[in-house]
Structure formats: structure tokens, C-alpha cells
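Below you'll find the structure, written out as C-alpha cells, and then a few comments.
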Amino acid sequence: MQILVLNRGSSSVKLSLYDFKAAPKEPIAPHWEDKIEWKNVWDQGSIEKELSAKLKDKRFDCIGHRVVHGGRKYQKSTLINKEVKEEIRKLADLAPLHNLADLEGIEIFEKLFPKCPQVAVFDTAFHHTMAPEAIVYPGPYEWFEKGIQKYGFHGTSFQYCTKRAQHLLKKLPEKMVICHLGSGASLCAVKNGKSIDTTMGFTPLDGLMMDTRSGNVDPGILLHLLKTQSVEDLSTDLYEKSGLLGLSGISSDMRDVLEASVTNPRAKLSLDVYLHRLCSMIGSMIGSLNGIDTLVFTAGIGENSTYIQDEVCKRLCFLGIHLKKQRDKGIISSPDSKVTVLLIHTQEAFEIALQTFEQMG
Ligand code: ADP
């Protein structure tokens, strides 16, 4: 089966084509990849043209879409029909920045390839196993009745890493914390393969400090700022002018911040705040799990920055974590470490392809 995967990020849409004869036991690479740059809104006409040109020689049997928000309803991926599209549209009330763009993508493909079945793979689905005490915010109960709760995101990555950890360790870890540290970043506490807590919340703005997103801040600050600032401006500040970029004033890319931190005090501060928050939130995930036996680093920063891996493990040394000096992907902790540390190259597109394949039966 030829599966086309669409993975929409904040600045581009990645297209990947996979060929599965059966569900692969090991991750495989797509046999074709390409991407289209975009800026938060689909310019319908030009994107349609670009897609048609890129896909004109390609044959595929189905399409898997990454959809950011599945709300309470979608606990796993699902074949897209009129009703599912309507639900995704309704969920745009909860995630206007994401779901409308995802829906537009689905509709463009419907128009270009009307006979091709499409599957929605939700970023929130992996977290449906979280207990009420983990998802309910302690505001007025009406919030929860209106759908305001912790949903969590990066679910496809966490799901992929959980399966990969099981494969590498030849057993499912009991108490695992996964650190997805990319441009966006979040942690997940996974107990016996199920998400029980995560740092992103109602929106992907919560939790860890990220590239340009603030992560969690005292809500009182927002009330204070809203006396003199519009909601739109505050939203831009929180999503686009905060995080590594906001504090360093240099870059949203961790590589630049790491390099500049040697001489530039604001870059150093930015890095220190990043690490402080990362370690304190790993602690919070460990609290939810009542312990930890496995720690996973994944995504751009998690996989590639030995500095961040070293600093996190140094700060958590009271847990008996020891890293190998030489490290590659896989197990990077030394045999005497009390916590197994894994470095996993997350493959969200492959996971979307796999879930699409499973949905197609
Ligand atoms: P996205 O969420 O956009 O898919 P990625 O998972 O690709 O993001 O992560 C992107 C981030 O990874 C970049 O912004 C960069 O800061 C970081 N990164 C990539 N390579 C390295 C590296 N060698 N050291 C530190 N950070 C890195």
C-alpha cells in the first residue's frame, strides 16, 4: 500500500510517501519526501498548484493527515468522512490556530484526489488515558463542562517513542518520562505504555519553554498585561516573541543560543531558564509516575544536543543516572545507571503512515 503522509508544521508542510506491504516491525524511511513552505495560512490557489505539480507522477492509495486537536471525541486515528470533518471544524473553537488549517489541508486533497481515502491522526489521541485529576484545571467547574481541560499534544511522537523504547529494551518500561525537545517541546509521563501526564495543556502553549513560545507563566501576569495590551498582541508575544528567542534576543534556534551563551549574558540566561524549567518539569512527571525507570530524549534538541542531555542528567544525578561517554542512538546510560536513558530519533511521519495503514485495514 502506498501511503502519502502530510505533516503540517508552523512553517512548512512535509510530504512523505511510504510503501507498506504489511505493518513494518522496524521503522522504515519514506521512498519519497518533499515539502511546501507556508506561512500559517494556506494560499489555496498556489498550494493546490504546487501540490498537483509535486504529486503528478506519484501513485498513492490513501493519505494520512496529522491533525492537531481531536478533542475528547477522538481517542485514536480515524477515517475522514463528512461527520469527522464537521467535528474537526467544531474543535476549531478549542484550537483555532491549528484545526482550521488542518481542515483546509484535508479539503484541498479531497478536491485534488476525490477518490483517495484520508485518515486523520490526532496529536491529542495518545493522551486520552490521562485520569481526571491530571486533566481538570482547578478553575470554576464550568470550564471543564465547556471542554477546557488538559489535552496534551505531540501524541504521535510519544506513541512512536513508547513503541521504540519497548523494542529497544525488549519490554515495556513501567515508569518512563519522554522529553520531546524540538521547536515545540513537551514531556510525557508514560506508565506501562499509557500517557498519565504531560506538560502541554489546553493548548500547545503550556509547559516547557520552547523556541518562541513561553510555556507556562503565572496567569496573573496575563491579567496584568491585558490592562494595557490587546489579546492579539499578547498572543503574538506568547507564541512568537517568547521562549529562547524572547529571552536571548538572538535566535529561536538552540544551536545559536548554545553558541552565543559562552559570551552573551542574555543567551546564557535563556539557556539557564530552559534547563531549570526542563528539570523541574521532569521532576513533576516523576511525581505523577511515583518514580522513573526510563528517561527518553527525542526531537531536534533532545536527539542532537549532548550538552542538554548531559546537563539534565547531571542535575538529576540524585536519581542515580549515569551516561556513557560515547553515545549513539539507543541506550545512552551506562550499565550501572539506576535509570535507563534512551536517545530515540522520533519519526512522526512513519507513525502517521502506520496508523493510516492500520485504519485502512
Ligand atoms: P520541529 O518541532 O520543527 O519538527 P525539530 O524536532 O526538528 O523541530 O527541532 C528543531 C530544533 O532542534 C531547532 O530549532 C534547533 O534548535 C534544534 N537542534 C537541531 N540540532 C541541534 C543540535 N545539534 N544542538 C542543539 N539543538 C539542535
Side-chain angles (χ1 to χ4, degrees), residues 5-16 27 29-30 33-40 65-68 97-98 101-102 121 123 152-161 164 178-188 198-200 203-215 239-262 264 267-268 270-275 277-278 296-313 323 327-329 332 342-352:
V5 171
L6 250 100
N7 189 1
R8 189 181 59 80
S10 51
S11 62
S12 69
V13 184
K14 290 184 198 145
L15 304 164
S16 323
E33 273 180 305
D34 207 337
K35 69 174 174 183
I36 297 179
E37 301 299 328
W38 81 305
K39 286 270 166 283
N40 287 313
H65 285 268
R66 175 185 175 196
V67 176
V68 170
L97 283 177
H98 304 283
D102 291 334
V121 178
D123 253 8
F153 300 86
H154 289 138
T156 2
S157 174
F158 293 133
Q159 182 144 32
Y160 174 81
C161 288
R164 217 47 218 145
I178 305 176
C179 310
H180 178 109
L181 309 175
S183 317
S186 70
L187 306 177
C188 186
T198 188
T199 53
M200 281 182 170
T203 68
L205 186 58
D206 199 10
L208 297 171
M209 169 173 161
M210 304 176 220
D211 57 348
T212 60
R213 279 176 262 172
S214 63
Y239 276 97
E240 294 169 29
K241 296 184 179 173
S242 298
L244 290 172
L245 176 67
L247 286 190
S248 72
I250 291 175
S251 169
S252 60
D253 191 310
M254 180 57 95
R255 286 164 290 200
D256 301 334
V257 175
L258 279 167
E259 199 184 316
S261 66
V262 182
N264 182 306
K268 171 83 172 60
S270 178
L271 187 59
D272 289 345
V273 176
Y274 186 92
L275 278 164
R277 291 183 153 241
L278 175 55
V296 177
F297 289 104
T298 193
I301 299 171
E303 288 167 33
N304 297 302
S305 175
T306 44
Y307 177 80
I308 297 288
Q309 295 156 13
D310 283 342
E311 274 302 309
V312 168
C313 292
L323 292 181
R327 67 190 77 143
D328 205 348
K329 297 275 184 291
I332 60 165
L342 302 176
L343 220 164
I344 295 178
H345 170 50
T346 194
Q347 301 202 42
E348 287 164 294
F350 170 75
E351 181 61 33
I352 295 171

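Start at 1 and go down the list; that is how both ligands and their atoms are numbered.
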| request: Assess whether side chain to side chain donor-acceptor pair (under 3.5 Å) is satisfied between Q347 and R164, documenting all intermediate values. | output: CA-CA 10 Å; Q347 301 202 42; R164 217 47 218 145; over 6 Å; no
| said: To the closest 0.5 Å, what do you measure between OG1 (T212) and CG (L245)? | reply: 7.0 Å
| field | Check: F297 and C313 side chains under 4.5 Å, non-hydrogen atoms | value | yes
| request: Pick, from T298, N304, T346, the option with the minimum heavy-atom distance to atom 20 (N) of ligand 1. | output: N304
| request: Between A185, G302, G300, flag the one that comes closest to atom 9 (O) of ligand 1 by a heavy atom. | output: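 Among A185, G302, G300, the closest heavy atom to atom 9 (O) of ligand 1 comes from G300.
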Does any N or O atom in [X] lie less than 3.5 angstrom from one in ligand 1, N or O only?
| X | result |
| --- | --- |
| S183 | yes |
| D253 | yes |
| M254 | yes |

| query | Considering residues, nucleotides and ligands other than K241, do more than 12 of their heavy atoms fall under 6.0 Å from its NZ? | reply |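 No, the 6.0 Å shell around NZ holds no more than 12 heavy atoms from other groups.
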| Atom indices of ligand 1, in the order listed, that fall short of 4.0 Å to a heavy atom of A299 |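 Every atom of ligand 1 under 4.0 Å from some heavy atom of A299: 6 (O).
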| Any side-chain donor near an acceptor of the partner, T156 and D123, under 3.5 Å |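 T156 vs D123: donor-acceptor pair found between side chains.
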